[in-house]
Structures are given as structure tokens and as C-alpha cells.
Amino acid sequence: MNNYLDRCKTEQDCLNLAKNARDRNRNDIADAANLKASLIRQEEFKKTGRRPDIDYHACGLKDGDLIYLPDLNIDAKVYTHRTLLFEGAEIYITPLEEKLLDRGFTRKQVVAKWRIKKTDELLNDAYNKAYPK
């Protein structure tokens, strides 16, 4: 597996490897490639100081992991490093939150309330650990 990863020099190389590995049911390689891609993105942050948009992989999540809103019993599955799977559709977190607000839930119930299912950690806290202010 390391041989495949060693050949990945850019984030896109890693993402391509992850996709190909996932297509071949090699989730171990896909997870390792996604992790390396997130480390490359974190290095870019260290160089520029610009905090990127949410990166689930940098927050310690893998594709398929769940985040949830505890007060609403709503969850979404990590689909890529930037997107979620919700009700069978790929979606970014901000449009997902807008969709929930349109359904009548309040901002206090939705925005900045997402938690990581396997650790119960607040998603924002995991992001701040990955990309400190």
C-alpha cells in the first residue's frame, strides 16, 4: 500500500488514488490516500495561513462516517472531504443547513451544532484542531 501512496505527490494524485481504490473495494488504500490528501491540504494552510472550508478528512473523519444534530435526530454521512450524503444526495454542509432551516428548524438547532457520531465531538472543535486560528 505504501508504494501506491509514495507515488502520490499532490492532493489530486491522492484523490485519484482514493477514488480508484474505492472503486476496487480497497477502502484501506482509499482511507490512507484521503488522509494523505488532507495532510497536503494542512501543509498548504501552514504555508498560507488561510483556513480552508470544512475538510472532514482533516477533522479525523473517513468517507462513510456520520455527523449528526443531537437535538433533531438528523444525521449525514461523509461522502468526500468536502461533501456529505443526505437523503441519498451529495450536498455541502451550508446548503444542507439551509435546507433544514427551510424545513422550519431554527438556527440554534442547526448551525454549528453538528457532532461527530463516533466521538460525540463537536465538528467545529475538530475543525479548529485541524486548522487552529
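Annotation: Asn73, atom CG; neighbour count of heavy atoms from other residues, nucleotides and ligands within 6.0 Å does not exceed 12.
Grouped with Leu35 in one hydrophobic cluster are Leu39, the linkage being side-chain heavy-atom contacts under 4.5 Å among Ile, Leu, Val, Met, Phe, Trp and Tyr residues.
Taken together through direct or relayed side-chain contacts under 4.5 Å among Ile, Leu, Val, Met, Phe, Trp and Tyr, Leu85 and Leu100 form parts of separate hydrophobic clusters. In this structure, Val110 is a member of the same hydrophobic cluster as Ile91, with clusters built from ILVMFWY side-chain heavy atoms closer than 4.5 Å.
For residues 63-113, the set of pairs meeting the ring-ring contact (aromatic ring centres under 6.0 Å, His included) definition, not counting sequence neighbours, is empty. Contacts classified as ring-ring contact (aromatic ring centres under 6.0 Å, His included) and involving residues 114-133 (residues at least two apart or in different chains) are given here: Phe45-Tyr131, Tyr127-Tyr131. Listed by first and then second residue, the salt bridge (Lys or Arg N to Asp or Glu O under 4.0 Å) pairs involving residues 111-126 are Asp65-Lys118, Arg115-Asp120, Glu121-Lys129 (not counting sequence neighbours). Applying the salt bridge (Lys or Arg N to Asp or Glu O under 4.0 Å) test to pairs two or more places apart or on separate chains, those with a residue in residues 78-99 are Asp53-Arg82, Glu87-Arg103.
Partners of Asn128 by side chain to side chain donor-acceptor pair (under 3.5 Å), not counting sequence neighbours, listed by chain and number: Arg51. Checked against side-chain contact (heavy atoms from CB on, under 4.5 Å), Ala33 has the following partners two or more places apart in sequence or in another chain: Leu5, Leu17, Ala18. The side chain to side chain donor-acceptor pair (under 3.5 Å) search around Thr106 returns Gln109, not counting sequence neighbours. Evaluation of the salt bridge (charged side-chain N to carboxylate O under 4.0 Å, His left out) rule for Asp23 yields Lys19 as partners, not counting sequence neighbours. With sequence neighbours excluded, no residue forms a side chain to side chain donor-acceptor pair (under 3.5 Å) with Asp75. Remark: Arg22 pairs with Asp31, Asp63 by the salt bridge (charged side-chain N to carboxylate O under 4.0 Å, His left out) rule, at least two apart or across chains.
When side chains are defined from C-beta on, Tyr56 counts as touching Ile93, because their heavy atoms get closer than 4.5 Å. Residues Thr80 and Leu15 form no side-chain contact, since every pair of their non-hydrogen atoms from C-beta on lies 4.5 Å or further apart.
The minimum heavy-atom distance between Cys8 and Lys36, with the atom names listed, is O-NZ, 2.8 Å.
With respect to Leu61, the side-chain contact (heavy atoms from CB on, under 4.5 Å) criterion is satisfied by exactly one of Leu66, Asn34, Val78: Val78.
To the nearest 0.5 Å, the span separating CD1 on Ile116 from SG on Cys59 amounts to 6.0 Å. Note that CD1 of Ile74 is 8.0 Å distant from CG of Leu96, once rounded to the nearest 0.5 Å. Within the model, atoms CG of Leu122 and CD1 of Ile67 stand 10.5 Å from one another, a figure rounded to the nearest 0.5 Å.
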